[in-house]
Amino acid sequence: MSFDRSIKIAPSILAADFANFGAECEAIEAQGADWVHVDVMDGHFVPNITFGPTTCAAIRPHIKGVMDVHLMITPVDPYIDAFAQAGADVITAHVEAGPHIHRTLQAIRGAGAKAGVALNPGTPASAVSELIDSVDLICVMTVNPGFGGQKFIDMSEKISALRRMIGDRPVHIEIDGGVDPSTAPLVAKAGADVLVAGSAVFRGGSVSDPAPYGDNIGAIRAAASGTYV
Ligand code: DX5
Ligand code: ZN
């Protein structure tokens with residue numbers, strides 16, 4: 001996984017057909033997705049349950065590029081090895097998920113994955129100020145985690161503050177929640193480079209009619225790049 005700050009679109013399979021993850025991953029990659037974002041929820045840290053490492057391992061052969069696993073679970077540490085062995089390239093844990101986020105990030109890197117830290121909307125940028133050298137990605141939640149299709153919460157000032165903290169270091173800023181062609185320019189301007197989008201990518205398409213996925217990905221990318229279509 002090489003580092004660059006170009007805009008990367010990461011469709012969230014939370015908005016895909018859950019009975020067809022393999023084909024959905026192949027379809028979004030064929031339609032221009034840069035990363036595949038995989039939302040793991042435990043019904044405890046967030047009020048919804050999705051799936052775990054077994055499902056991640058099952059979809060891994062259907063993803064050519066980056067598998068970006070977002071853990072909305074607590075505790076995190078007992079499951080890190082399982083997600084790494086499932087083939088996650090990036091494993092992101094929430095700073096709110098426990099008292100020992102630094103240990104969690106060390107364990108993620110120790111397991112051979114890139115380490116991400118996510119911040120809920122109510123958590124300030126300063127919560128990760130001591131972690132910048134311990135992470136490869138900072139995920140700024142622009143909804144309260146748990147569900148797709150929620151309204152975007154503007155976190156532009158937090159994104160800008162994180163961008164300043166990061167400086168020249170090779171750390172991605174990822175935005176998760178409510179990203180569509182109308183909100184993508186705000187977050188890109190503030191310094192984000194990885195844009196997660198669920199409903200705004202999958203709407204209107206299916207594995208048997210995947211062209212809308214490509215149109216949707218293209219519209220978000222164009223908006224983030226300042227060339228509205
Ligand atoms: C929310 C998840 C997001 C979500 C994004 O808890 O982490 O990845 O699926 O979905 P949209 O783009 O529909 O807000
Ligand atoms: Zn997510």
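For ligands, and for the atoms within them, numbers begin at 1 and follow the listed sequence.
- The shortest distance between side-chain heavy atoms of Met141 and Cys139 falls below 4.5 Å.
- Partners of Asn20 by side chain to side chain contact (heavy atoms under 4.5 Å, CB included), not counting sequence neighbours, listed by chain and number: Asp17, Ala23, Glu24, Val207.
- The contact shell of ligand 1, taken as protein residues with any non-hydrogen atom closer than 4.0 angstrom, comprises Ser12, Leu14, His37, Asp39, Met41, His70, Met72, Met141, Pro145, Gly146, Phe147, Gly148, Gly149, Asp176, Gly177, Gly178, Val196, Ala197, Gly198, Ser199.
- Within the 4.5 Å cutoff, the side chain of Glu96 has heavy atoms near those of the Thr123 side chain.
- Partners of Asp193 by salt bridge (charged side-chain N to carboxylate O under 4.0 Å, His left out), not counting sequence neighbours, listed by chain and number: Lys8.
- For the residue pair His172 and Asp136, no side-chain donor N or O sits within less than 3.5 Å of a side-chain acceptor on the partner.
- Counting heavy atoms from C-beta on, the side chains of Ile13 and Phe18 never come closer than 4.5 Å.
- Atoms of the protein (N, O or S only) found under 2.8 Å from the Zn ion (ligand 2) are His37 NE2, Asp39 OD1, His70 ND1, Asp176 OD2.
- You'll find the ring centres of His94 and Phe45 inside the 6.0 Å limit.
- The residues Arg169 and Asp133 are annotated as salt-bridged, a charged nitrogen and a carboxylate oxygen being separated by less than 4.0 angstrom.
- Not a single donor-acceptor pair under 3.5 Å links the side chain of Arg164 to the backbone N or O of Ile159.
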